[in-house]
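One-based numbering, in listed order, for ligands and for the atoms of each.
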Amino acid sequence: MTKPILIIGAGNVGTALGKAWLACGHDVRFGVSDPDHPKHAGLPRERLQSARDRRDAEIVVLATPYAAAKPALEALGDLSGAIVIDCTNPLGMGPEGLHLTLGFETSGGEEIAKCAPGASVFKTLNQTGAENMAHAAAFQPRSMMFVAGDDEARKPDVMDLVADLGFEPIDAGPLRAARLLEPLAMLWIDLVTKRGHPRDIAFARLRRE
Ligand SMILES: NC(=O)c1ccc[n+]([C@@H]2O[C@H](COP(=O)([O-])OP(=O)(O)OC[C@H]3O[C@@H](n4cnc5c(N)ncnc54)[C@H](OP(=O)(O)O)[C@@H]3O)[C@@H](O)[C@H]2O)c1
């Protein structure tokens, strides 16, 4: 698939995804505040652009902090017809460390969809660490990655992008299932930050013999 991809945010997640998709031959650009900032020196300059200009991108990947995702989407203007892949997790810092800020009656994915009318919003690539996204093909058996979204016709495009990274993509149902996938991310974060697990662990779907 060669649909142009615009990744908003070139931090841990944006860089990991962008480099991996570039290596697969995808047409990736990174939307950032300052394309000439030295912190982006590890990315090809011709792939860096303003985060406020969608140009011809058919797929927009949100890889900003959750609080920045809505303003970032609004800056892009009309996203009708686009695929939006939401990798964010609505996290806040409390006395016991990071926690989910939206609870379980809605989700970041659903809230983001309200800001992008006419776009097909998918929640995925939020459930494991950025390093695992960069090296997903190194897991044996394959690590799973759930994909939630309401547009069944376009879901295969997103599943294919997830598979290209090396994950086993699993359809988790409608976007509402982001209410399950954001807590799953929180579980991974808890395991690695509080329970002593290394950051290279990831979840897998197994079947008994
Ligand atoms: N880190 C992980 O392992 C991981 C795993 C799964 C999901 N996530 C989620 O993925 C998201 C990104 O995490 P991260 O670790 O990659 O964060 P990060 O390293 O802090 O990168 C976030 C990026 O977003 C950019 N940004 C902020 N506001 C922006 C705006 N309005 N427009 C354009 N770009 C903007 C920042 O650029 P400037 O600093 O130049 O503004 C920065 O490059 C978060 O929602 C996080 O919860 C993270």
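- By the 4.0 Å heavy-atom criterion, H37 is excluded from the residues contacting ligand 1.
- Looking at A51 against ligand 1, only its side chain comes within 4.0 Å, counting heavy atoms.
- At least one heavy atom of I8 lies less than 4.0 angstrom from ligand 1.
- Atoms of ligand 1 lying under 4.0 Å from any heavy atom of Y66, numbered from 1 in the order shown and given with element: 45 (O).
- Of the possible donor and acceptor atoms, none in the side chain of E110 sits under 3.5 Å from a partner among the backbone N and O of R179.
- Judged by distance alone, the side chain of W188 and the main-chain N or O of I201 form a donor-acceptor pair under 3.5 Å.
- Taking only nitrogen or oxygen atoms, main chain and side chain alike, Q127 does not reach within less than 3.5 Å of ligand 1.
- Less than 4.0 angstrom separates some heavy atom of N126 from each of these atoms of ligand 1: 6 (C), 7 (C).
- Between R45 and D36, at least one side-chain nitrogen of the basic residue sits less than 4.0 Å from a carboxylate oxygen of the acidic one, meeting the salt-bridge criterion.
- With a 4.0 Å cut-off on non-hydrogen atoms, M133 touches ligand 1 through its side chain and not its backbone.
- Checked for salt-bridge contact, K3 and D56 miss the test: no charged N lies under 4.0 Å from a carboxylate O.
- Evaluated by nearest non-hydrogen atom to atom 12 (C) of ligand 1, the leading choice among A63, P90, P71 is A63.
- Ligand 1 has a nitrogen or oxygen under 3.5 angstrom from a nitrogen or oxygen of T64.
- When atom types are taken as modelled, the side chain of K123 and the backbone of G108 share no donor-acceptor pair closer than 3.5 angstrom.
- Using a 4.0 Å cut-off between heavy atoms, P65 contacts ligand 1 through both its backbone and its side chain.
- Close approach to R199 involves these atoms of ligand 1, each under 4.0 Å from a residue heavy atom: 3 (O).
- Close approach of ligand 1 to T128 is summarised as follows: ligand atoms under 4.0 Å from at least one heavy atom of the residue are 5 (C), 6 (C).
- For ligand 1, one of its N or O atoms has an N or O atom of A130 under 3.5 Å away.
- For ligand 1, the atoms closer than 4.0 angstrom to any heavy atom of G129 are 3 (O).
- Separating the CD1 atom in I85 from the CG atom in L6 is a distance of 11.5 Å, to the nearest 0.5 Å.
- Using a 4.0 Å cut-off to heavy atoms of C87, the atoms of ligand 1 that qualify are 7 (C), 8 (N), 9 (C), 10 (O).
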